[in-house]
Amino acid sequence: MAQTPLDLDQVLADLPQWRAHAGDRTAIERSLRFADFNAAFGFMTRVALLAETIDHHPEWSNVYNRVDILLTTHDAGGLTERDVRMARFIDDIASSQGTQS
């Protein structure tokens, strides 16, 4: 089922921890720092479980205690409610783990 793209500025207004991706596509991104690799990997595992459940997967990378995340809906050509849901979930976990942006 195709999803309707959302307005980037409106999405960013609702997600203050995120920023617009500087690349050639409509996406949002966030960088997080954790206490150590174990905390970062645990965070990624929790996000991966949601990603599988809603069939929407982030683009991300991990180096030691840092996780860089990019969200977009490829088949919609931009941001959709799935990205917003994923971003809010990420924000909730990050807040509960006391991460640094």
Results of salt bridge (Lys or Arg N to Asp or Glu O under 4.0 Å) for [X] - residues two or more places apart only:
X: D14; result: none
X: R85; result: none
X: R19; result: E29
X: E59; result: R25

Any residue meeting ring pair (Phe, Tyr, Trp, His ring centres under 6.0 Å) with F89, in chain and number order, not counting sequence neighbours: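 Per chain and number, F89 pairs via ring pair (Phe, Tyr, Trp, His ring centres under 6.0 Å) with no residue.
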
N/O donor-acceptor pair under 3.5 Å between S96 side chain and I93 backbone: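 Confirmed, S96 side chain pairs with I93 backbone.
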
Donor-acceptor pair, side chain of T73 and main chain of D75, under 3.5 angstrom: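 No, the answer is negative, given that no donor and acceptor are paired below the 3.5 Å cut-off.
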
Does any non-hydrogen side-chain atom of [Y] lie less than 4.5 Å from one of [X]?
X: P58; Y: L70; result: no
X: M86; Y: I69; result: no
X: I90; Y: L32; result: yes

Which atom of T72 lies closest to which atom of G78, heavy atoms considered: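 T72 and G78 have their closest heavy atoms at OG1-O, 3.2 Å.
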
Summary of side chain to side chain donor-acceptor pair (under 3.5 Å) pairs that have at least one residue in residues 48-57, sequence neighbours excluded: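 Counting only pairs at least two positions apart or across chains, the side chain to side chain donor-acceptor pair (under 3.5 Å) contacts touching residues 48-57 are E52-H57, H56-D83.
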
Who are the side-chain contact (heavy atoms from CB on, under 4.5 Å) partners of [X], not counting sequence neighbours?
X: A35; answer: none
X: I28; answer: L8, V11, L12, L15, W18, L71, L79, A87
X: N65; answer: R33

Pairs where residues 25-47 contributes a residue and the test ring-ring contact (aromatic ring centres under 6.0 Å, His included) is met, not counting sequence neighbours: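 Listed once each, the pairs are F34-F43, F37-F41.
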
Pairs meeting criterion ring-ring contact (aromatic ring centres under 6.0 Å, His included) with involvement of residues 60-83, two or more places apart: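 Qualifying pairs, neighbours excluded: none.
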
Side chain to side chain donor-acceptor pair (under 3.5 Å) against R66, all qualifying residues, sequence neighbours excluded: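 R66: side chain to side chain donor-acceptor pair (under 3.5 Å) contacts with D68.
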
